[in-house]
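This report concerns only the one structure given below.
Residue numbers start at 1 and run along the sequence shown. The structure presented is a predicted model; accordingly, all values stated were derived computationally and were not measured.
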Amino acid sequence: MALGPLTYKTPNAINLIDRDLTAYEGCGVTLTSEHRVDLATAQTEVPYGVVVVGAPSVDGLYPSSTPTAGAGFVAAGALELVDAYGAVVQCLAGTGGVTANAPIAIEASTGRFVTTGIATGDWVWGFALTDANAGEQFLAKFAPYVIQ
């Protein structure tokens with residue numbers, strides 16, 4: 001997913017990941033502990049950012065590898081996220097697609113985004129700027145808030 005001038009490297013030191021994020025460009029991630037992210041898989045998880053360039057861990061260790069493996073380390077500069085409030089980023093639409101000018105939320109289990117089924121207590125990740133069918137890319141403004 002080439003995003004050109006819309007990309008930048010997050011200024012925060014994210015150096016641990018809970019899964020291989022190479023296939024999750026355009027998906028949302030949540031902060032699981034200091035300096036550590038994982039794919040967001042529930043609408044109630046706090047938004048951290050959107051994957052621009054995914055990466056595997058350099059040691060191949062993730063929580064599922066062994067009971068004591070912990071999160072895998074990421075090579076410096078390998079993982080790129082958009083996490084600045086108000087930034088425009090390309091995202092992936094989940095089942096049912098997205099509608100322009102509608103709030104977006106995480107689709108359960110995929111890390112992709114939807115514009116339907118958002119309820120009280122769910123996090124909105126921002127707003128879709130373009131329409132997209134399921135599995136297509138769309139532009140979004142990253143502006144998280146929780147539905148009260």
Once rounded to the nearest 0.5 Å, what's the spacing between atom [atom1] of [X] and atom [atom2] of [Y]?
{"X": "Ile147", "Y": "Gln43", "atom1": "CD1", "atom2": "CD", "value": "9.5 Å"}
{"X": "Glu80", "Y": "Ile14", "atom1": "CD", "atom2": "CD1", "value": "13.5 Å"}
{"X": "Glu45", "Y": "Trp123", "atom1": "CD", "atom2": "CH2", "value": "12.0 Å"}
{"X": "Asp131", "Y": "Leu139", "atom1": "CG", "atom2": "CG", "value": "11.5 Å"}
{"X": "Thr30", "Y": "Tyr48", "atom1": "OG1", "atom2": "OH", "value": "10.5 Å"}
{"X": "Lys141", "Y": "Leu129", "atom1": "NZ", "atom2": "CG", "value": "7.5 Å"}

For the residue pair [X] and [Y], establish whether any side-chain heavy-atom pair is separated by less than 4.5 Å.
{"X": "Val88", "Y": "Val82", "value": "no"}
{"X": "Leu81", "Y": "Val52", "value": "no"}
{"X": "Val29", "Y": "Val51", "value": "yes"}
{"X": "Asp122", "Y": "Val146", "value": "no"}

ring-ring contact (aromatic ring centres under 6.0 Å, His included) between Phe113 and Trp125, intermediate numbers included = CA-CA 9 Å; Phe113 296 93; Trp125 288 61; 5.5 Å; yes

If every non-hydrogen atom of [X] is compared with every non-hydrogen atom of [Y], which pair is closest and at what distance?
{"X": "Pro144", "Y": "Pro47", "answer": "CB-CG, 3.7 Å"}
{"X": "Ile104", "Y": "Ala140", "answer": "CD1-CB, 3.7 Å"}
{"X": "Ala128", "Y": "Thr99", "answer": "CB-O, 3.4 Å"}
{"X": "Ala134", "Y": "Thr95", "answer": "CB-CA, 4.1 Å"}
{"X": "Ala42", "Y": "Ile106", "answer": "N-CG2, 3.9 Å"}
{"X": "Leu79", "Y": "Gly54", "answer": "CD1-CA, 4.0 Å"}

Taking atom types as modelled and ignoring hydrogens, do the side chains of Gln148 and Thr120 form a donor-acceptor contact shorter than 3.5 angstrom?
->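 Result is no, nothing qualifies.
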
Under the side-chain contact (heavy atoms from CB on, under 4.5 Å) criterion, do Ile17 and Arg36 qualify, and how do the steps go?
-> CA-CA 5 Å; Ile17 54 177; Arg36 178 176 168 176; over 6 Å; no

Mark yes when over 12 heavy atoms from residues, nucleotides or ligands other than Phe127 sit less than 6.0 Å from its CZ; otherwise mark no.
->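 Yes.
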
Transitive ILVMFWY side-chain link [X] to [Y], under 4.5 Å:
{"X": "Phe142", "Y": "Val53", "value": "yes"}
{"X": "Leu31", "Y": "Tyr24", "value": "yes"}
{"X": "Val50", "Y": "Phe138", "value": "yes"}

Applying side chain to side chain donor-acceptor pair (under 3.5 Å), run through Asp38 and Thr32 and close with a yes or a no.
-> CA-CA 7 Å; Asp38 193 12; Thr32 57; over 6 Å; no

Could you go through the side-chain contact (heavy atoms from CB on, under 4.5 Å) check for Val74 and Val58 one step at a time?
-> CA-CA 6 Å; Val74 181; Val58 294; over 6 Å; no

Apply side-chain contact (heavy atoms from CB on, under 4.5 Å) to Cys27 and Leu39, showing your working.
-> CA-CA 7 Å; Cys27 295; Leu39 185 69; 3.8 Å; yes

